[in-house]
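What follows is one structure encoded as structure tokens, with my remarks underneath.
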Amino acid sequence: MLDKTLSPASFEQRLYEGWEAAGRFGAHPESPAAPFTIMIPPPNVTGSLHIGHALTFTIQDTLIRWRRMQGRDALWQPGTDHAGIATQMVVERLLATQGVDRREIGREKFLEHVWEWKGQSGGSITRQLRRLGASLDWPRERFTMDEGLSEAVREVFVTLHRQGLIYRDRRLVNWDPKFQTAISDLEVESREVKGSLWHLRYPVEGEAGRFIVVATTRPETMLGDTAIAVHPEDERFRDLIGQFAILPLVGRRIPIVADEYSDPEKGSGAVKITPAHDFNDFAVGKRHGLAMPSVLDADGRVFLDEIAGDIAALPGVTEPDFVRALAGKDRFAARKEIIAELERLDLVEKIEPHTHAVPHGDRSGVPIEPRLTMQWYCDAATLAKPAIEAVETGRTEFVPKHFENIFFSWMRDIQPWCISRQLWWGHQIPAWYAPDGSVFVARTEEEALAEARAKLGADVTLTRDPDVLDTWFSSALWPFSTLGWPTKTAELAKYYPGDVLVTGWDIIFFWVARMMMMGLHFMGDVPFRTVYIHGLVRDEKGQKMSKSKGNVIDPLELVDSFGADALRFTIASLATPGRDVKLGRKRVEDFRSFGTKLWNAARFCEMNGIAPDAGFDPAAVRTPLARWILDAANTAIAEANAALEAYRMDDYASACYRFVWNSFCDWFLEFAKPALNGEDGPEKAEVKGAAQHVLGTILKLLHPVMPYLTEELWARLGYGAEGTLMVTAWPQPIAIPGAAEARAELDWVVGLVSAVRGVRAEMNVPPSVTVPLLAQGAAAETLARGARWIEAIRRLGRATGFHPLEGEAPKGVAQVVVGEATILLPLAEVIDLAAERARLAKERDKAAAEGAKVEQKLANADFVARAKPEVVEENRERLAAYQAEVARLEAALARIAE
RNA sequence: GGGCGCUUAGCUCAGCGGUAGAGCGCCUCGCUUACACCGAGGAUGCCGAUGGUUCGAAUCCGUCAGCGCCCACCA
């Protein structure tokens with residue numbers, strides 16, 4: 001016997017362990033079944049499950065369980081990501097609390113600490129995924145830094161290098177002074193900063209007293225200025241083009257050049273050019289062959305080595321001692337001092353308040369410093385071309401479609417991808433340097449050494465590039481590296497390309513685009529056929545969740561409180577493609593009642609001896625009620641399938657919800673009660689048969705989204721003879737003979753009961769008052785239905801009987817129109833006749849108004865001529881129905897006229 | 001500056017060319033032997049504004065407004 005209350009905690013863990021122990025999650029490469037593959041977006045190995053994970057993994061698990069039940073050989077590939085910067089950061093912080101600096105202990109020791117940390121906390125995310133019910137193929141779990149994936153990384157790097165698609169280059173990078181590493185364009189985010197726009201006077205060489213004014217937001221970079229640019233057409237500066245200015249403080253002679261980059265509308269119209277510290281200036285510098293001295297170091301401190309020779313004494317303009325004293329000062333401290341000094345020299349024209357966007361490191365949160373350094377780059381533009389084409393031709397499709405435009409706009413203007421990071425945690429770049437500076441890229445040190453010896457002689461020694469690769473480099477290989485590539489495994493042959501990639505829009509560029517590029521380049525095919533993009537989880541107010549705002553909700557706490565199924569069902573219900581999901585604790589609490597409802601319905605079935613019956617044949621039943629619910633189940637199956645095919649988790653959830661709650665519980669079980677309480681016989685047997693069959697169908701339909709509850713009920717109610725629900729066949733619609741008639745009949749009963757309930761409630765008839773229903777103008781079929789359904793009508797309509805009206809109508813009646821008949825409820829003692837007249841008049845007016853609208857439409861010759869014939873016909877029918885209803889309501893009114 | 005999304009019942013959101021919907025909330029009634037995490041009934045909408053296309057527009061197109069976001073932008 002099922003417990004009176006549903007307590008998910010009592011079975012979730014047990015069920016999961018059972019599934020896992022029995023190997024239910026495993027894919028079967030040797031099976032002839034068609035594969036269905038989802039690659040997990042690997043979470044950070046040391047991370048913990050957050051609500052965003054709950055969203056994405058609920059969707060993935062729902063899809064994978066559904067396809068698995070459909071008989072596909074489902075692979076949901078698990079794994080975790082080493083998450084370079086994030087993990088290194090965490091461990092560095094941890095060590096800092098013990099007073100340890102990574103630079104003191106060195107690379108090797110530090111990496112030991114990271115691996116140790118990974119060992120400690122690495123399992124937590126996968127344990128948490130299990131609690132959510134995620135049916136991942138655990139024995140296949142991979143880690144982006146395990147040996148196989150590392151081999152894939154080396155292979156890809158070496159291959160792309162040989163193909164010229166990976167190269168070293170000295171150019172400006174986004175340098176994160178906090179983490180002391182280069183980062184890619186994507187890891188930079190703009191933040192609005194309130195600053196100042198300083199207008200500085202640079203003396204014009206040879207014209208005493210003449211200045212050219214430049215405007216800047218970054219005065220500290222002036223030490224590295226090597227030119228001033230003006231627009232070639234700007235009259236104000238035309239005579240200065242080709243002349244030189246003197247860089248204040250330093251004394252360097254810098255040319256005034258004409259360049260279209262200079263915008264006469266901005267600032268003073270003349271712009272100082274610091275090629276080593278600004279991306280635009282770098283471009284200008286290249287065009288004009290300017291020197292590019294760096295004046296800030298890796299820490300963002302003033303660095304004078306490259307300009308030492310330029311520092312000159314020029315009274316009133318330069319201050320060599322001041323400049324030398326700046327060495328080693330932080331960029332923002334230097335800014336203040338430089339301004340003060342320039343003011344002292346009267347070289348500041350004016351200062352304007354200025355709000356502008358400043359690039360910040362997305363993880364460090366500090367302003368990025370463009371720096372001229374040697375880094376490794378990947379030629380993304382070349383790799384992007386096939387990826388763009390694959391989406392254009394539909395080989396990979398985005399859901400929703402409009403994300404394709406976002407993908408295109410980025411891919412078509414893609415910049416070289418800086419892939420080297422000055423970190424320790426990650427895949428160390430397989431490149432070795434000889435003392436003469438030549439580079440050897442190879443899979444192993446031996447290979448590199450062999451090459452180097454062949455070229456430079458036997459006694460050459462090599463030093464490995466200390467840098468590691470961008471974390472996303474290994475993630476980009478995930479769809480094939482996890483399957484064993486570069487080895488040609490059976491898995492690779494069967495599960496690549498994957499079917500659908502499920503992820504949030506925030507990592508389309510970071511990850512989706514790069515998997516497309518690498519997949520096409522190395523596998524010759526797209527990594528997945530569909531990219532399903534979901535939104536981000538926000539709090540009830542639509543705010544992004546963050547620890548600092550304190551609005552984070554913990555999915556595991558929700559699982560503890562309401563069960564994993566409640567959380568999953570809530571998420572599915574709210575998951576509209578591409579749209580962000582507003583989720584609060586309350587939403588989950590609300591949806592929890594659905595599981596309870598199902599539990600109680602199952603409990604009711606159990607109490608009534610409704611037990612699984614493998615011999616039941618749905619196509620053979622004759623009882624209209626049985627036919628009706630079996631037919632409704634068919635509709636639910638079709639709706640669920642259509643919704644899942646279209647990645648509409650919300651529609652799938654709501655189709656199940658409506659079917660279970662409204663069709664099965666509210667009507668079917670209520671209608672079934674008289675039969676269930678009655679004598680044994682064919683009708684009772686069929687109703688019970690249909691009930692057990694449909695309940696089984698419900699459990700199957702809901703299993704993908706509510707795996708625990710459905711599996712538990714499956715076993716507890718005895719469906720387990722067919723095996724574990726999670727690998728039971730997905731339900732198929734079964735043709736039900738006479739379904740249309742059954743529908744018509746049940747629709748009538750539902751209509752009658754609803755109408756009677758409605759009028760009783762509106763007339764404030766106490767539930768204790770029961771009356772006969774007198775049918776006036778009822779067709780023979782209606783009277784027959786009334787007779788067949790008398791028990792249900794009595795019970796649900798609180799009626800004593802259903803009879804044709806004979807003779808005169810009683811004086812005090814409430815009346816409702818149901819189909820062609822008017823139903824009279826003799827309630828003289830109970831109701832207020834005036835109120836009933838008013839109610840009927842209102843009903844009549846409503847019907848008349850609706851009718852008038854339809855009539856007007858039909859009076860329009862254009863409508864009749866141009867609208868689809870079936871639409872016209874439908875409207876004619878509606879008009880007739882309204883007219884008939886008005887007539888019946890008129891008659892009802894006449895019957896109780898004063 | 002370029003682009004995208006959203007604006008529908010008090011709230012959260014479906015619907016995207018032919019009768020305005022759901023869940024929650026609200027109001028009324030109800031312990032009818034599965035369920036008060038319940039049952040029955042009810043109220044509530046110029047479907048952001050404005051033009052247009054169409055026999056017909058919440059739905060398609062234009063314009064505008066508000067909100068949110070992405071990309072670019074350190075003068």
Side-chain angles (χ1 to χ4, degrees), chain A residues 2 4-6 185 190 193 195 197-199 214-218 221 229 262-272 277-281 352 354 356-359 367-368 370 400 402-403 405-406 409-410 413 505-506 508-509 535-536 540 542 562 566 573-574 576 578-584 586-587 589-608 648 650-651 654 657-658 665-666 669-670 673 677 753-754 757-762 764-767 795-796 798 850 853-854 857 860-868 870-872 874-875 878 882:
Chain A
L2 294 179
K4 189 158 165 63
T5 52
L6 161 64
D185 297 347
S190 291
V193 170
L197 185 58
W198 287 277
H199 292 248
V214 297
T216 180
T217 55
R218 299 207 55 198
T221 64
S262 180
D263 181 350
E265 305 289 310
K266 281 190 189 165
S268 60
V271 58
K272 69 189 210 50
H277 294 284
D278 181 284
F279 286 94
N280 288 311
D281 293 6
E352 292 172 313
H354 184 64
H356 58 132
V358 178
I368 287 305
H402 73 257
F403 284 105
N405 294 328
I406 294 172
S409 66
W410 189 69
D413 186 34
W505 47 257
D506 53 329
I508 292 176
F509 305 146
L536 270 36
E540 298 98 317
F562 309 118
S573 299
L574 303 178
T576 308
R579 274 190 74 151
D580 289 352
V581 174
K582 286 182 204 166
L583 185 68
K586 177 79 168 49
R587 304 302 296 271
E589 194 176 346
D590 290 342
F591 275 106
R592 166 183 55 166
S593 53
F594 177 61
T596 308
K597 185 74 181 177
L598 177 58
W599 179 266
N600 283 309
R603 197 163 154 265
F604 172 81
C605 288
E606 189 186 37
M607 288 167 65
N608 282 281
R648 288 301 301 256
D650 54 339
D651 287 347
S654 99
Y657 187 101
R658 284 192 321 262
C665 294
D666 289 347
L669 290 181
E670 292 305 324
K673 281 175 182 174
N677 292 337
V753 169
S754 299
R757 281 171 169 172
V759 70
R760 289 182 57 113
E762 212 167 328
N764 294 316
V765 178
R795 189 187 170 95
L796 304 180
R798 306 206 65 76
E850 288 298 317
K853 276 202 316 212
V854 180
K857 204 179 215 181
N860 182 342
D862 282 331
F863 171 71
V864 179
R866 295 180 188 230
K868 280 175 271 174
E870 60 268 30
V871 173
V872 176
E874 187 191 320
N875 277 277
R878 285 181 53 214
Y882 280 126

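None of the values given here were measured: they were computed from a predicted structure. Just so it is clear: chains get the letters A, B, ... in the order the sequence lines come, proteins before strands, and each one is counted from 1.
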[X] side chain: which of [options] is closest?
| X | options | result |
| --- | --- | --- |
| Asp666(A) | C74(B), G39(B), G23(B) | G39(B) |
| Asn860(A) | C55(B), C74(B), C13(B) | C55(B) |
| Cys665(A) | A75(B), G41(B), A34(B) | A34(B) |
| Lys582(A) | C13(B), G39(B), C35(B) | C13(B) |
| Ala357(A) | C73(B), C6(B), C55(B) | C73(B) |
| Lys586(A) | C4(B), C37(B), C24(B) | C24(B) |
| Arg648(A) | C55(B), A34(B), G15(B) | G15(B) |
| Pro767(A) | U19(B), G30(B), C37(B) | G30(B) |
| Arg579(A) | U7(B), C24(B), A75(B) | U7(B) |
| Phe863(A) | A75(B), C70(B), C55(B) | C55(B) |

Taking for each residue the nucleotide of RNA chain B bearing the nearest heavy atom, is the 5' side occupied by Phe509(A) or by Val864(A)?
Val864(A)
Starting from the 5' end of RNA chain B, give me the residue, Val581(A) or Ala601(A), whose nearest nucleotide shows up first.
Val581(A)
Measure the distance from [atom1] on [X] to [atom2] on [N] and round it to the nearest whole Å.
| X | N | atom1 | atom2 | value |
| --- | --- | --- | --- | --- |
| Glu762(A) | G30(B) | CD | P | 17 Å |
| Lys868(A) | G17(B) | NZ | P | 10 Å |
| Asn764(A) | G41(B) | CG | C1' | 10 Å |
| Trp599(A) | A36(B) | CH2 | C1' | 19 Å |
| Leu598(A) | C38(B) | CG | P | 14 Å |
| Arg587(A) | G25(B) | CZ | P | 11 Å |
| Arg757(A) | C29(B) | CZ | C1' | 13 Å |
| Phe403(A) | C4(B) | CZ | P | 13 Å |

Using atom [atom1] in both nucleotides, what's the gap between [N] and [M] to the nearest angstrom?
| N | M | atom1 | answer |
| --- | --- | --- | --- |
| U7(B) | A75(B) | C1' | 38 Å |
| G39(B) | C4(B) | C1' | 46 Å |
| U12(B) | U8(B) | P | 9 Å |
| C24(B) | U19(B) | P | 26 Å |
| C67(B) | A49(B) | C1' | 15 Å |

Is [X] touching bases, backbone alone, or none of the nucleic acid, heavy atoms closer than 4.0 Å?
| X | value |
| --- | --- |
| Pro766(A) | nothing |
| Asp590(A) | sugar-phosphate |
| Glu670(A) | base |
| Thr221(A) | nothing |
| Ser262(A) | base |
| Leu6(A) | nothing |
| Phe594(A) | nothing |
| Asp580(A) | nothing |
| Phe562(A) | nothing |
| Arg603(A) | sugar-phosphate |
| His277(A) | nothing |

In terms of the angle between their ring planes, are Phe509(A) and Trp410(A) parallel, tilted or perpendicular, with boundaries placed at 30° and 60°?
parallel
Can you see if the side chain of [X] gets near the phosphate of [N] - specifically, an N or O under 4.0 Å from OP1 or OP2?
| X | N | value |
| --- | --- | --- |
| His354(A) | A75(B) | yes |
| Ser654(A) | A22(B) | no |
| His356(A) | A75(B) | yes |
| Lys4(A) | C35(B) | yes |

Do the numbers put Lys673(A) on top of the ring of Phe604(A), so that NZ or CZ is under 6.0 Å from the six-membered ring centre and no more than 45° off the axis?
yes
Would you mind checking if Glu850(A) and Lys853(A) are paired as a salt bridge, meaning a charged N to carboxylate O distance below 4.0 Å?
yes
So, do [X] and [Y] sit near enough that their side-chain heavy atoms are less than 4.5 Å apart?
| X | Y | result |
| --- | --- | --- |
| Lys272(A) | Thr221(A) | yes |
| Leu574(A) | Lys582(A) | no |
| Trp599(A) | Thr5(A) | no |

Under a 3.5 Å cut-off for both contacts, is G41(B) paired Watson-Crick or G-U wobble with anything, and if yes, with which nucleotide?
C27(B)
Taking CD in Glu870(A) as the centre, count heavy atoms belonging to other residues, nucleotides or ligands within less than 6.0 Å. Is the count above 12?
yes
When rounded to the nearest 0.5 angstrom, what distance separates CG in Leu536(A) from CG in Asp506(A)?
4.5 Å
